[in-house]
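Each ligand, and each atom within it, is numbered from 1 in the order the structure gives.
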Amino acid sequence: MSFASQLQAVAVCHTPYKQKFGIPRQPGLVSARGYVELVDPFNHADCVRGIEQYSHIWLLFCFHENLAQGWKPTVRPPRLGGNEKMGVFATRSTFRPNGIGQSVVKLHGIVKRKGKVCLEISGMDLLDGTPVVDIKPYIPFSDAIVDAKGGIAHDAPLQINVSFTRDAKEQALGYAKSEDRPDLVSLIEAVLAQDPRPAYKKAKDDAKGYQVALYDLDILWQMDGGNALVTAVIPAQALAKS
Ligand code: SAM
């Protein structure tokens with residue numbers, strides 16, 4: 001069955017996450033700040049009038065980076081180590097028939113940036129530039145179900161410890177002086193504490209060097225005794241050139 005309505009973006013979400021690897025696997029795991037910028041013809045204060053009275057909002061969005069890869073009836077959830085199959089509708093897979101994702105995020109307020117109405121948010125699990133197709137208030141009496149069963153994802157993932165080499169810490173503190181990324185050090189710690197590697201590697205050492213892209217920086221890190229060790233924080237272009 002098809003329907004006449006065609007989805008269009010009502011907003012774009014801006015986040016520090018510049019590539020998929022390293023983005024938290026669900027909202028609320030890392031309290032990174034970002035904002036949702038309304039786009040025309042929705043870029044009007046009237047469209048969000050009254051939204052400040054809610055502490056959280058739902059973002060319905062498009063997994064736009066994965067649309068081209070299509071979808072399959074079954075997927076292998078990372079939580080199960082990539083070995084077992086589950087139905088696409090039994091998972092939060094990013095490869096879905098209509099490519100729709102949904103996340104609850106904290107709402108901090110409404111601001112205007114360069115003539116655009118923006119919602120300041122935190123805790124999102126979205127790639128920078130993700131198209132948002134709808135925004136709705138989170139309503140605790142109905143949306144929060146305290147005795148709900150969480151299936152294979154009942155508990156939040158375990159976290160690992162994160163440390164820095166002395167040079168990497170100095171680099172991170174230096175870049176954190178910019179008002180564009182004041183939370184840089186705590187953001188790196190929170191992102192790597194999730195151990196972004198495939199789930200079957202969880203907290204186990206391997207010899208590989210890894211990279212996550214936050215803001216305009218590349219964070220280089222490796223595993224060290226079951227923990228993440230940050231070895232360098234460098235401008236994003238530097239890695240591309242090397
Ligand atoms: N909370 C949402 C949901 O349940 O629909 C998203 C969960 S999904 C497992 C979260 C992952 O989606 C992130 O870790 C990131 O790798 C990926 N992701 C985020 N934004 C994306 C985008 N615009 N296109 C493709 N993948 C994206």
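Interface of P27 with ligand 1, defined as ligand atoms under 4.0 Å from a residue heavy atom, comprises 1 (N). Near T130, the atoms of ligand 1 lying under 4.0 angstrom from a non-hydrogen atom of the residue are 20 (N), 22 (C), 23 (N). Numbered from 1 in the order shown, with element, the atoms of ligand 1 that lie under 4.0 Å from a heavy atom of G101 read 5 (O). The L126 neighbourhood of ligand 1 comprises atoms 19 (C), 20 (N), with distances under 4.0 Å to a heavy atom of that residue. The atoms of ligand 1 that sit less than 4.0 Å from any heavy atom of E65 are 24 (N), 25 (C). For ligand 1 and N66, the ligand atoms under 4.0 Å from any heavy atom of the residue are 25 (C), 26 (N). The ligand atoms of ligand 1 that sit less than 4.0 angstrom from a heavy atom of C62 are 23 (N). Residue S103 has at least one heavy-atom neighbour below 4.0 Å for each of these atoms of ligand 1: 1 (N), 2 (C).
Among all protein heavy atoms, the one lying closest to atom 27 (C) of ligand 1 is F63 CD2, 3.7 Å. Atom 6 (C) of ligand 1 has its closest protein heavy atom at D125 OD2, 3.3 Å. Scanning the protein heavy atoms around atom 26 (N) of ligand 1, the nearest turns out to be K20 CD, 3.5 Å. Shortest contact from atom 20 (N) of ligand 1 to any protein heavy atom: L127 N, 3.1 Å. Protein heavy atom in closest approach to atom 8 (S) of ligand 1: T94 CG2, 3.7 Å. Looking from atom 2 (C) of ligand 1 to the surrounding protein, the closest heavy atom is Q102 O, 3.1 Å. Atom 4 (O) of ligand 1 has its closest protein heavy atom at R92 NH1, 2.6 Å. Of the protein's non-hydrogen atoms, R25 O, 3.6 Å is the one closest to atom 10 (C) of ligand 1.
Closest approach of F95 to G70, counting heavy atoms only: CB-O, 3.5 Å. Smallest separation of non-hydrogen atoms from P182 and E179: CD-O, 3.2 Å.
One distance of note links CG of D195 with CZ of R25; it measures 7.5 Å at 0.5 Å rounding.
The main-chain N or O of S93 is never found under 3.5 Å from a side-chain atom of N66 such that the two would form a donor-acceptor pair. No donor-acceptor pair under 3.5 Å is formed between the side chain of N98 and the backbone N or O of I100. Counting only distance, with no hydrogens or angles, the side chain of E52 and the backbone of G50 share a donor-acceptor pair below 3.5 Å. A donor-acceptor pair under 3.5 Å links the side-chain atoms of Q171 to the main chain of V233, judged by distance alone. Of the possible donor and acceptor atoms, one in the side chain of T15 sits under 3.5 Å from a partner among the backbone N and O of L126.
Only one option out of I51, L107, L60 pairs with I135 in a side-chain contact (heavy atoms from CB on, under 4.5 Å); it is I51.
Below 3.5 Å of separation, one finds an N or O of P24 facing an N or O of ligand 1.
In this structure, a donor-acceptor pair under 3.5 Å is absent between the side chains of D128 and Y215.
Residue-ligand proximity: S93 is placed with every non-hydrogen atom at 4.0 Å or more from ligand 1.
Cluster membership check: V162 shares its hydrophobic cluster with V185, using side-chain heavy-atom separations under 4.5 Å among Ile, Leu, Val, Met, Phe, Trp and Tyr.
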